[in-house]
K.L.:
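Pasting in a structure now, in structure tokens, and then I'll have a few things to ask.
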Amino acid sequence: MSSEEFEKLHELYRSLYDEVKSVPERAQSCQGEERKRIVRDFDERVSEAEEVLQGMEQELFGAPSSFRTPMSTKIRLYRRDLAKLQREICLSATQGFPSHTGDGRQGIYAAQNEQSTHLQSQRALLIQGTESLNNASKSIERSHRIAAETDQIGTDIIEELGEQRDQLDRTRDRLVHTGENLSRSRKILRAMSRRLITNKLLLSVIIIMELAILAGVVYLKFFRK
């Protein structure tokens with residue numbers, strides 16, 4: 001919606017309405033061809049005003065509801081004013097003519113007013129249907145966007161889980177290697193422990209033997225005469 005375009009149409013309608021609102025009163029004071037010319041000019045201006053109102057309705061399609069609702073009400077009031085002027089010009093145009101002619105013209109204008117009312121009702125339904133369609137389209141668009149975002153999030157999660165799985169596999173491999181290293185270390189430590197015990201035993205035997213030899217030497221030297 002272009003607010004500037006809507007305001008231009010609004011001003012144009014006001015200008016047209018100002019031109020036609022005094023026409024029924026002027027038509028009552030005219031006769032013959034002058035009156036016919038005034039009625040023709042009136043019909044042309046009213047048709048232009050109707051086209052302007054249609055343009056205003058089209059501009060309201062994409063407008064926010066806070067602005068569209070009061071403006072739609074105002075447009076319906078404008079159409080009611082135009083219908084009132086048409087009835088007044090109908091009555092003024094029948095003055096000075098035979099009754100059957102007046103009844104015929106009045107019947108034509110009544111039919112036109114009825115048709116205009118029907119068109120207004122259809123137009124209102126069209127606006128409501130278009131608004132519902134726009135809302136549905138926006139809802140579908142939002143759903144598609146949310147679905148795309150959800151799909152992207154799911155893809156990212158799958159990729160992240162894949163990376164975490166690779167990390168866990170590498171960690172498991174490192175743990176396996178670490179366990180193997182620990183097992184080899186335990187074997188080495190047990191072997192060192194056995195060697196240490198063996199060395200201690202050998203050292204103890206050597207010390208005992210040295211003590212025995214020393215005791216034998218002392219005995220032979222000092223106690224055996």
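Values below: all heavy atoms of this structure, side chains included; hydrogens, waters and symmetry mates excluded. Sequence positions, counted from 1, serve as the residue numbers for this chain. All values reported here derive from a predicted model rather than from experimental measurement.
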K.L.:
Classify the side-chain pair Ser193/Arg190 by whether it contains a donor and acceptor separated by less than 3.5 Å.
P.N.:
no
K.L.:
Are any of the side-chain heavy atoms of Asp41 and Glu44 separated by less than 4.5 Å?
P.N.:
yes
K.L.:
Working to the nearest 0.5 angstrom, can you tell me the gap between Arg174 CZ and Asp169 CG?
P.N.:
11.0 Å
K.L.:
Side chain to side chain contact (heavy atoms under 4.5 Å, CB included) for Ile89 and Val46? Distances and angles first, verdict last.
P.N.:
CA-CA 11 Å; Ile89 197 70; Val46 170; over 6 Å; no
K.L.:
Starting at NZ of Lys84, measure out to CG of Leu77 and round the result to the nearest 0.5 Å.
P.N.:
12.0 Å
K.L.:
Between Leu53 and Leu82, what is the shortest heavy-atom contact and its length?
P.N.:
CD1-CD1, 3.9 Å
K.L.:
Go through the steps to decide whether Arg186 and Ser183 satisfy the test side-chain hydrogen bond (donor to acceptor under 3.5 Å, both in side chains), and finish with yes or no.
P.N.:
CA-CA 5 Å; Arg186 290 194 192 97; Ser183 179; 5.1 Å; no
K.L.:
Just by distance, do the side chain of Thr73 and the backbone of Thr69 share a donor-acceptor pair under 3.5 Å?
P.N.:
yes
K.L.:
Would Val218 and Leu220 show up in the same hydrophobic cluster when neighbours are defined by side-chain heavy atoms closer than 4.5 Å?
P.N.:
yes
K.L.:
Give, for atom CD of Glu48 and atom OH of Tyr13, the distance between the pair rounded to the nearest 0.5 Å.
P.N.:
13.0 Å
K.L.:
Measure the NE2-CG distance between His177 and Asn181 for me, rounded to the nearest 0.5 Å.
P.N.:
8.5 Å
K.L.:
Under a 4.5 Å side-chain heavy-atom rule over Ile, Leu, Val, Met, Phe, Trp and Tyr, are Leu203 and Leu211 clustered together?
P.N.:
yes
K.L.:
Residues two or more places apart in sequence or in another chain: which of them pass side chain to side chain donor-acceptor pair (under 3.5 Å) with Arg172?
P.N.:
none
K.L.:
Are Phe222 and Tyr219 in one and the same hydrophobic cluster, where Ile, Leu, Val, Met, Phe, Trp and Tyr link if side-chain heavy atoms are under 4.5 Å apart?
P.N.:
yes
K.L.:
About how many Å separate CG of Asp173 and OG1 of Thr178, when rounded to the nearest 0.5 Å?
P.N.:
10.5 Å
K.L.:
Compare all side-chain heavy atoms of Leu201 with those of Ile197 and state whether any distance is below 4.5 angstrom.
P.N.:
yes
K.L.:
With a 4.5 Å cut-off on side-chain heavy atoms, are Met71 and Glu57 touching?
P.N.:
no
K.L.:
Compare every heavy atom of Gln86 with every heavy atom of Phe42, then report the nearest pair and how far apart it is.
P.N.:
CZ-N, 3.9 Å
K.L.:
From the options Asp151, Thr155, Ile157, select the one residue that forms a side-chain contact (heavy atoms from CB on, under 4.5 Å) with Ile153.
P.N.:
Ile157
K.L.:
As a quick check of understanding, evaluate side chain to side chain contact (heavy atoms under 4.5 Å, CB included) for Lys74 and His10, giving each step before the final call.
P.N.:
CA-CA 11 Å; Lys74 185 173 291 188; His10 199 184; 4.0 Å; yes
K.L.:
Run the numbers on Asp81 and Leu85 for side chain to side chain contact (heavy atoms under 4.5 Å, CB included), then give the verdict.
P.N.:
CA-CA 6 Å; Asp81 294 339; Leu85 290 177; 5.7 Å; no
K.L.:
So, Glu11 and Arg14, do they make that salt bridge, N to O below 4.0 Å?
P.N.:
yes
K.L.:
About how many Å separate CD1 of Ile38 and CG of Asp43, when rounded to the nearest 0.5 Å?
P.N.:
12.0 Å
K.L.:
With ring centroids as reference points, do Tyr78 and Tyr17 lie under 6.0 angstrom apart?
P.N.:
no
K.L.:
Any side-chain heavy atom of Asp156 within less than 4.5 Å of one from Glu159?
P.N.:
yes
K.L.:
Can you list the steps and then say if Glu33 with Arg37 is a side chain to side chain contact (heavy atoms under 4.5 Å, CB included)?
P.N.:
CA-CA 6 Å; Glu33 293 298 325; Arg37 183 185 63 80; over 6 Å; no
